[in-house]
Visitor: 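Let me begin by handing over the structure; questions about it come next.
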Amino acid sequence: MGHATRSRVVLDELTRRHEVQVVVSGRAHDYLKARESDRLGVNRIWGLSIVYEDNRVRNFRTVLANLRGALVEGGWPENIRAWFDLTERFRPEVVISDFESWSYLYAKTQGLPVISIDNQQVIARCQLAPEAVEGHERDFKLTRAIVKAKLPGCFHYLVTSFFYPPVRKPRTTLVPPILRREILEARPGRGEHLLVYQTSTSYGALLEELRRCGVECRIYGLRREIQQDVREGTLLFRPFSETAFVEDLRSARGVVANGGFTLLGEAVYLGRPVLSVPVGHQFEQVLNARYLELEGYGLAAGEVSRESLGSFLERIPDFSRNLARYRQDGNRRLFGELDALLADAVRAGSAPGELDDEED
C-alpha cells in the first residue's frame, strides 16, 4: 500500500497534463481504482506477494505462495490478457515504474523509455555508509543484485530518500520522499500516544511490550479484520482509515513501525520520532532504519523490547530536536525533475536507457 499511496501522488500530477494507464495488483488496485477518471485508467494484474510471520519474511512460504498464485490461481494468464488488452487500446510514449517488473518489460518490448521512481534503487546506485551495512553484508549483496536485475538500463532513476548518500551511478537523481496531500496539509501536534504500524499480523510479542510501557498505543495493521476501534487497556486497535491514520500520525508522541520507506518518510516530514524495527530478511528496511538512526531521527532496533522501547521513549526529545532541522518543500523537487525527464525521454526515445551502468 505504500507504493500505492505514493503512486497516487504522482498520478494526480501526471493526469493534469497527460493520459495515463496504470497496471497494479493486490489491495492497491482497489485503492487506485476508486480514483479512475477520463485521464486515468486502472488495470488489474497479478503481482508477487510476501509472506510474513513474527515480523520476518518467510522465504520458502513466500516462494510457494507466489508459485501457487502464478500457476494454479491463474496469475500469469491474467497478466498476458492484460498485456494484449493494453497494447491494443493504448500507445504510451514513456513508462514510469515504481520498482514494478510488468510495466518495465512492457516498455522494453515496445521500445519505450523507462523512468524509475522508487526508493529501493539507493541500494544499487549510491555509496552506502559502512555502518548502515555492518552485520548485514550478505543480505546487502543479495538485495543489491536483485535491485540491479529488476530494472536495468532505465532512461533515468529518480530515487526518493530522506537521507543522501553519495550517488555512484549515472542517470541517477536523489529527491525527497513523495508526500500525499493529506500529509502536506497536516500540522504536527504534540499528543501523548504512540502510533504503531505493523505489517505482520502474527507479531504477538509486540503487544506485551506495548502494554508494559504504559503509554497509549494506537495500532494499525495487526487486526485487519476489524471494522471499528477495539480498545484493550492502553492499546487501541484501529481499522484502516487514511484520515484517522494521518491524524494519529501528525499528533503522535512517537511512531513504532517496521522499516517501510513510505511511513518513515512521512514521519520525518512531520517531525515524529520513530522506533524502527525492520522486518527480518528485508535489507531495504534495515537500511532505512539504520539511516534513520544515523540522521538522529529515531532508533533502529532488532525487536521491540523493554530496553529498546524504554530507550526510545527517553530519547524522544533529542530526536525531536534533530527532526526540527529537516527541510522539504513538498513534492516540488520531484515534479520538476520528472517534467524535465519526460520531455527528454520523448525526444530521445529509449536509446539512452540502452547504455550500461558502470560495473561495481
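Being a predicted model, the structure only gives us computed values, none of them experimental. Computation of the quantities below employed the complete heavy-atom set of this structure, encompassing side-chain atoms and omitting hydrogens, waters and symmetry-equivalent molecules.
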Visitor: Taking D98's backbone N and O only, do any of them form a donor-acceptor pair with D118's side chain (distance below 3.5 Å, no angle check)?
Guide: no
Visitor: Give a yes or no on whether a salt bridge exists between E225 and R223, defined as a side-chain N under 4.0 angstrom from a carboxylate O.
Guide: no
Visitor: Going from CD on E13 to CD1 on I178, what distance comes out if it is rounded to the nearest 0.5 angstrom?
Guide: 11.5 Å
Visitor: A289 and A300: which non-hydrogen atoms are nearest, and at how many Å?
Guide: O-CB, 3.4 Å
Visitor: Compute both the distance and the angle, then confirm whether K150 meets the cation-pi test with F99: under 6.0 Å from the six-membered ring centre, within 45 degrees of the axis.
Guide: yes
Visitor: Does L235 offer a backbone N or O that forms a donor-acceptor pair with the side chain of E232 under 3.5 Å?
Guide: no
Visitor: Step by step, work out the side chain to side chain donor-acceptor pair (under 3.5 Å) result for E100 and S97.
Guide: CA-CA 6 Å; E100 196 282 315; S97 176; 4.9 Å; no
Visitor: Would the distance check show the side chain of Q285 and the main-chain N or O of P278 forming a donor-acceptor pair, the cut-off being under 3.5 Å?
Guide: no
Visitor: State yes or no: do I226 and L206 share one hydrophobic cluster built from I, L, V, M, F, W and Y residues joined by side-chain heavy-atom distances below 4.5 Å, directly or via other members?
Guide: yes
Visitor: Just wondering, do P273 and D318 contact through their side chains at under 4.5 Å, heavy atoms?
Guide: no
Visitor: Heavy-atom distance under 4.5 Å between the side chains of R253 and H193, does that happen here?
Guide: no
Visitor: For the CD atom on E242, are there more than 12 heavy atoms of other groups (residues, nucleotides or ligands in this structure) within a distance under 6.0 Å?
Guide: yes
Visitor: Are any of the side-chain heavy atoms of L195 and Y220 separated by less than 4.5 Å?
Guide: yes
Visitor: Would you mind checking if E337 and R332 are paired as a salt bridge, meaning a charged N to carboxylate O distance below 4.0 Å?
Guide: no
Visitor: Side chains of T5 and R180 only: does a donor on one sit below 3.5 Å from an acceptor on the other?
Guide: no
Visitor: For a quick test of reading the model, state the closest non-hydrogen atom pair linking G254 to F312 and the distance between them.
Guide: CA-CZ, 4.2 Å
Visitor: Measure the spacing between CG of D38 and OG1 of T15 and express it to the nearest 0.5 Å.
Guide: 10.5 Å
Visitor: Between V274 and A267, what is the shortest heavy-atom contact and its length?
Guide: CG2-CB, 3.6 Å
Visitor: List the atom of C213, the atom of L309, and the distance in Å for their closest heavy-atom pair.
Guide: CB-CD2, 3.6 Å
Visitor: Looking at F261, is its backbone amide N or carbonyl O close enough to the side chain of N119 to form a donor-acceptor pair, meaning the two atoms are under 3.5 Å apart?
Guide: no
Visitor: How long is the straight-line distance from CD1 of I117 back to OG of S7, given to the nearest 0.5 Å?
Guide: 8.5 Å
Visitor: Under 4.0 Å between a side-chain nitrogen and a carboxylate oxygen: does that hold for D344 and R347?
Guide: yes
Visitor: V230, L194: one ILVMFWY side-chain cluster at the under-4.5 Å cut-off?
Guide: yes
Visitor: Hey, does E216 have a side-chain heavy atom less than 4.5 Å from the side chain of R231?
Guide: yes
Visitor: Can you find a pair of side-chain heavy atoms, one from V122 and one from V147, that are under 4.5 Å apart?
Guide: no
Visitor: Given the rule that I, L, V, M, F, W and Y join up when any side-chain heavy atoms are under 4.5 Å apart, are L142 and L287 in one cluster?
Guide: no
Visitor: Would you mind checking if R290 and E134 are paired as a salt bridge, meaning a charged N to carboxylate O distance below 4.0 Å?
Guide: no
Visitor: Would you please test L323 and Y297 for side chain to side chain contact (heavy atoms under 4.5 Å, CB included) and show each step?
Guide: CA-CA 6 Å; L323 284 161; Y297 300 154; 3.4 Å; yes
Visitor: State, yes or no, whether a side-chain contact exists between V133 and V286 at a heavy-atom distance under 4.5 Å.
Guide: no
Visitor: Is there a donor-acceptor pair under 3.5 Å between the side chain of R35 and the backbone N or O of Y31?
Guide: yes
Visitor: Counting N and O atoms only, with roles assigned by atom type, does the side chain of N331 sit under 3.5 Å from a partner on the main chain of L179, one being a donor and the other an acceptor?
Guide: yes
Visitor: Under a 4.0 Å N-O cut-off, is there an ion pair linking R272 with E266?
Guide: no
Visitor: Where the side chain of Y291 meets the backbone of Y164, is there a donor-acceptor pair that is under 3.5 Å apart?
Guide: no
Visitor: Does the side chain to side chain contact (heavy atoms under 4.5 Å, CB included) test come out yes or no for V20 and L11, once each step is laid out?
Guide: CA-CA 8 Å; V20 183; L11 292 171; 3.7 Å; yes
Visitor: If I compare all heavy atoms of K148 with all of A124, which pair ends up nearest, and what's the gap?
Guide: CG-CB, 3.5 Å
Visitor: Do you reckon L236 sits in the same ILVMFWY cluster as F245, going by side-chain contacts under 4.5 Å, direct or chained?
Guide: no
Visitor: Using 0.5 Å steps for rounding, measure from the CZ atom of R125 to the OG1 atom of T172.
Guide: 3.5 Å
Visitor: Using 0.5 Å steps for rounding, measure from the OH atom of Y157 to the OG atom of S116.
Guide: 6.5 Å
Visitor: Taking the side chain as every heavy atom from C-beta outward, state whether I219 and Q198 have any pair of such atoms under 4.5 Å apart.
Guide: no
Visitor: For E36, check side-chain hydrogen bond (donor to acceptor under 3.5 Å, both in side chains) against everything at least two apart and list the hits.
Guide: K33
Visitor: Excluding sequence neighbours, so at least two apart, what forms side-chain contact (heavy atoms from CB on, under 4.5 Å) with P92?
Guide: F90, Y106, L112
Visitor: Using 4.0 Å as the upper bound for N to carboxylate O, is an ion pair formed by R8 and E182?
Guide: yes
Visitor: Indicate yes or no: does D248 engage R238 in a salt bridge with an N to O separation below 4.0 Å.
Guide: yes
Visitor: Do any N or O atoms from the side chain of S311 and from the backbone of E307 form a donor-acceptor pair under 3.5 angstrom?
Guide: no
Visitor: Check whether R171 reaches the backbone of C154 with its side chain - one donor and one acceptor, N or O, closer than 3.5 Å.
Guide: yes
Visitor: Report the distance from atom CZ of R325 to atom CG of N322, rounding to the nearest 0.5 Å.
Guide: 4.5 Å
Visitor: Using the rule side-chain contact (heavy atoms from CB on, under 4.5 Å), only one of D30, V24, V22, V23 pairs with R44; which is it?
Guide: D30
Visitor: Report yes if some heavy atom in the side chain of V95 is under 4.5 Å from a heavy atom in the side chain of P113; otherwise report no.
Guide: no
Visitor: Check the orientation of F283 and F140. Use parallel for under 30°, tilted for 30 to 60°, and perpendicular for over 60°.
Guide: tilted
Visitor: Show me the side-chain donor-acceptor pairs of residues 184-191 shorter than 3.5 Å, one per line, residues at least two apart or across chains.
Guide:
unit_1, atom_1, unit_2, atom_2, d
E185, OE1, R181, NH1, 3.3
R187, NH1, L184, O, 3.4
R187, NH1, E185, O, 3.4

Visitor: Thinking salt bridges, do R212 and E208 make one under a 4.0 Å N-O criterion?
Guide: yes
Visitor: Taking N288 for its side chain and G260 for its backbone only, find out whether a donor-acceptor pair lies under 3.5 Å.
Guide: no
Visitor: What about V167 and L294, same hydrophobic cluster or not, with Ile/Leu/Val/Met/Phe/Trp/Tyr joined at side-chain heavy-atom distances under 4.5 Å?
Guide: yes
Visitor: To check you understand the geometry: which heavy-atom pair defines the closest contact between Y326 and Q328, and what is its length?
Guide: OH-OE1, 2.7 Å
Visitor: Evaluate side chain to side chain contact (heavy atoms under 4.5 Å, CB included) for F237 paired with D229, printing each intermediate quantity in order.
Guide: CA-CA 6 Å; F237 298 90; D229 290 351; over 6 Å; no
Visitor: When you look at L40 and L32, which way does the side chain to side chain contact (heavy atoms under 4.5 Å, CB included) test go after all the steps?
Guide: CA-CA 10 Å; L40 176 64; L32 293 177; over 6 Å; no
